[in-house]
Amino acid sequence: MLSLFRVERMSARLQVLQSYRTLLKASRLAFGHDGRTLAAFRKNIRERMDDHRHITDLATIQGHLNEMAEVNIFMRNNLVQGELNQRGN
């Protein structure tokens, strides 16, 4: 039988993975036409995920999930990326 703590940790892991995938989708929407920026953002997100892989405290994980949700909302609602027209402006 699974302990409540183990179930909570499994649930937190699934939430983290879902948030990571959501950020990747948001990055594609925000930076899709700018390959260098998209690659840099995704590299940064991957590095941050690797840096925080060892965290087991559920409150800390929830804090990071909240931060990821805020970044996702910001990217989807507030980022605008311009493109050069034929005249170069």
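Quantities reported herein were computed from a predicted structural model and do not represent experimental measurements.
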Report whether [X] and [Y] are members of the same hydrophobic cluster (ILVMFWY, side-chain heavy atoms less than 4.5 Å apart, transitive linking).
X     : Y     : result
Ile55 : Leu23 : yes
Ile73 : Ile45 : no
Leu24 : Val71 : yes

**Asked** Do you see a donor-acceptor pair shorter than 3.5 Å between the side chains of Asn72 and Arg76?
**Response** yes
**Asked** Do Asn66 and Glu70 have side-chain atoms, one donor and one acceptor, less than 3.5 Å apart?
**Response** no
**Request:** Measure from NZ or CZ of Arg36 to the centre of the six-membered ring of Phe41 and say whether it is under 6.0 Å with the direction within 45° of the ring axis.
**Result:** no
Once rounded to the nearest 0.5 Å, what's the spacing between atom [atom1] of [X] and atom [atom2] of [Y]?
X     : Y     : atom1 : atom2 : value
Thr60 : Leu65 : OG1   : CG    : 11.0 Å
Met75 : Thr22 : CE    : OG1   : 11.5 Å
Ile61 : Ser19 : CD1   : OG    : 11.5 Å

Should [X] and [Y] count as side-chain neighbours, where that means a heavy-atom distance under 4.5 Å?
X     : Y     : value
Val16 : Met49 : yes
Gln18 : Gln15 : no
Lys25 : Leu29 : no

**Asked** Is the CZ atom of Arg13 crowded by more than 12 outside heavy atoms at less than 6.0 Å?
**Response** no
**Trace of the salt bridge (Lys or Arg N to Asp or Glu O under 4.0 Å) decision for Arg48 with Asp51** = CA-CA 5 Å; Arg48 290 187 61 150; Asp51 290 345; over 6 Å; no
**Request:** Apply side-chain hydrogen bond (donor to acceptor under 3.5 Å, both in side chains) to Ser27 and list each qualifying residue two or more places apart in sequence or on a separate chain.
**Result:** Arg42
